[in-house]
Chemist: 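Structure in structure tokens, see below.
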Amino acid sequence: MDCLFCKIINGEIPSSKVYEDELCYAFNDINPQSEKHILVVPKEHICCLNKVDEHNSHLVAHIFEVIPKIAKENGFESYRVINNCGEAAGQTVMHLHFHVLSGSNLGEKLV
Ligand code: 5GP
Ligand code: ZN
């Protein structure tokens, strides 16, 4: 499958790894939108949040257990988690991912 994040997960494309376990992979965003900008992805290819269902939602739950660990390990006192679902919402890579943004330069909140 021609998926950028699948290639990053399997090492075909290099990345700056932050965390990895059997279910998920986390790495620094190549174009950070804040001082610290980490992407957390399930290792299983799920194109977007619309494809999360009762069969794979445990992977999302797992990611939300891992995010606080990543935050603690990286010294994030405050942070923001974002998922863009669908092109009109800004999703450019069609492999489910959660942005974890932190640092002193977090912009205006959207919500
Ligand atoms: P989206 O716009 O789909 O919500 O987020 C995709 C994110 O992937 C963007 O923030 C973008 O900077 C990041 N990205 C795109 N290509 C690469 C890459 O090759 N390596 C890394 N580390 N991040 C990437
Ligand atoms: Zn993928």
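One-based numbering, in listed order, for ligands and for the atoms of each.
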Chemist: Give the residue and atom name of whichever protein heavy atom lies nearest to atom 16 (N) of ligand 1, and the separation in Å to one decimal.
Modeler: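 Nearest neighbour among protein heavy atoms for atom 16 (N) of ligand 1, to 0.1 Å: Leu4 CD2, 3.2 Å.
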
Chemist: Hey, mind stepping through Asp29 and Ile38 against side-chain contact (heavy atoms from CB on, under 4.5 Å) and telling me if it holds?
Modeler: CA-CA 5 Å; Asp29 197 293; Ile38 292 170; over 6 Å; no

Chemist: Are the aromatic ring centres of Tyr19 and Phe27 under 6.0 angstrom apart?
Modeler: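 Tyr19 vs Phe27: aromatic centres not under 6.0 Å.
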
Chemist: Mind running side chain to side chain donor-acceptor pair (under 3.5 Å) on Glu35 and Ser104 for me, showing each step along the way?
Modeler: CA-CA 7 Å; Glu35 212 174 305; Ser104 55; 2.7 Å; yes

Chemist: What are the atoms of ligand 1, with element, lying closer than 4.0 Å to any heavy atom of His97?
Modeler: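 Close to His97: 1 (P), 3 (O), 4 (O), 5 (O), 6 (C).
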
Chemist: I'd like to know if the side chain of Gln91 reaches the main chain of Gly86, judged simply by a donor and an acceptor atom lying under 3.5 Å from each other, with no hydrogens or angles considered.
Modeler: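 Such a contact is found between Gln91 side chain and Gly86 backbone.
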
Chemist: Let me check your reading of the structure: within less than 2.8 Å of the Zn ion (ligand 2), is there an N/O/S atom from His95?
Modeler: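 So His95 does bind the Zn ion (ligand 2) by this criterion.
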
Chemist: What atoms of ligand 1 come within less than 4.0 Å of a heavy atom belonging to Thr92?
Modeler: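 In order of number, 1 (P), 2 (O), 3 (O), 5 (O), 6 (C).
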
Chemist: At a non-hydrogen distance cut-off of under 4.0 Å, which region of Ile13 contacts ligand 1 (side chain, backbone, both, or neither)?
Modeler: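 Answer for Ile13: neither.
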
Chemist: So, the side chain of Asn74 versus the backbone of Ala71: is there a donor-acceptor pair under 3.5 Å, distance only?
Modeler: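 Absent.
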
Chemist: May I ask you to check whether His99 and His97 place their ring centers less than 6.0 Å from one another?
Modeler: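 Between His97 and His99, which both carry aromatic rings, the centre distance is below 6.0 Å.
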
Chemist: Mind checking whether Asn83 has a heavy atom under 4.0 Å from ligand 1?
Modeler: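 It does not, in that no heavy atom of Asn83 comes within the 4.0 Å cut-off of ligand 1.
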
Chemist: Determine whether the side chain, the backbone, both or neither of Phe5 has a heavy atom under 4.0 Å from any heavy atom of ligand 1.
Modeler: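 Side chain only.
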
Chemist: Run Phe5 and Tyr25 through ring pair (Phe, Tyr, Trp, His ring centres under 6.0 Å) and show every step you take.
Modeler: CA-CA 10 Å; Phe5 287 175; Tyr25 188 80; 9.6 Å; no

Chemist: Any side-chain to backbone donor/acceptor pair from His62 onto His58? Under 3.5 Å, distance only.
Modeler: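 Such a contact is absent between His62 side chain and His58 backbone.
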
Chemist: Measure Gln33 to ligand 1 on non-hydrogen atoms and call it side chain, backbone, both or neither using the 4.0 Å cut-off.
Modeler: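 Neither part.
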
Chemist: Based purely on interatomic distance, does Gly90 place a nitrogen or oxygen under 3.5 Å from a nitrogen or oxygen of ligand 1?
Modeler: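 Yes, Gly90 has an N/O under 3.5 Å of an N/O on ligand 1.
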
Chemist: Of the choices Leu96, Asp29, Asn31, Val41, which has the non-hydrogen atom that lies closest to atom 11 (C) of ligand 1?
Modeler: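 Checking each option, the heavy atom nearest atom 11 (C) of ligand 1 is found in Asp29.
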
Chemist: Just go through Ile82, Val93, Ile30, Asn28 and tell me whose heavy atom is the nearest to atom 23 (N) of ligand 1.
Modeler: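 Minimum heavy-atom distance to atom 23 (N) of ligand 1 goes to Ile30.
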
Chemist: What are the atoms of ligand 1, with element, lying closer than 4.0 Å to any heavy atom of Phe27?
Modeler: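 The atoms of ligand 1 under 4.0 Å from a heavy atom of Phe27 are 21 (C), 22 (N).
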
Chemist: Measure from the Zn ion (ligand 2) to every N/O/S atom of His45 and report the name of the nearest one.
Modeler: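 The nearest such atom is ND1.
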
Chemist: Distance-only, no hydrogens or angles: does the Lys43 side chain make a donor-acceptor pair with backbone N or O of Asp21 under 3.5 Å?
Modeler: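 Such a contact is found between Lys43 side chain and Asp21 backbone.
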
Chemist: Closer than 4.0 Å to some heavy atom of Gln91 - which atoms of ligand 1 meet that?
Modeler: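 Contacts of ligand 1 toward Gln91, numbered from 1: 3 (O).
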
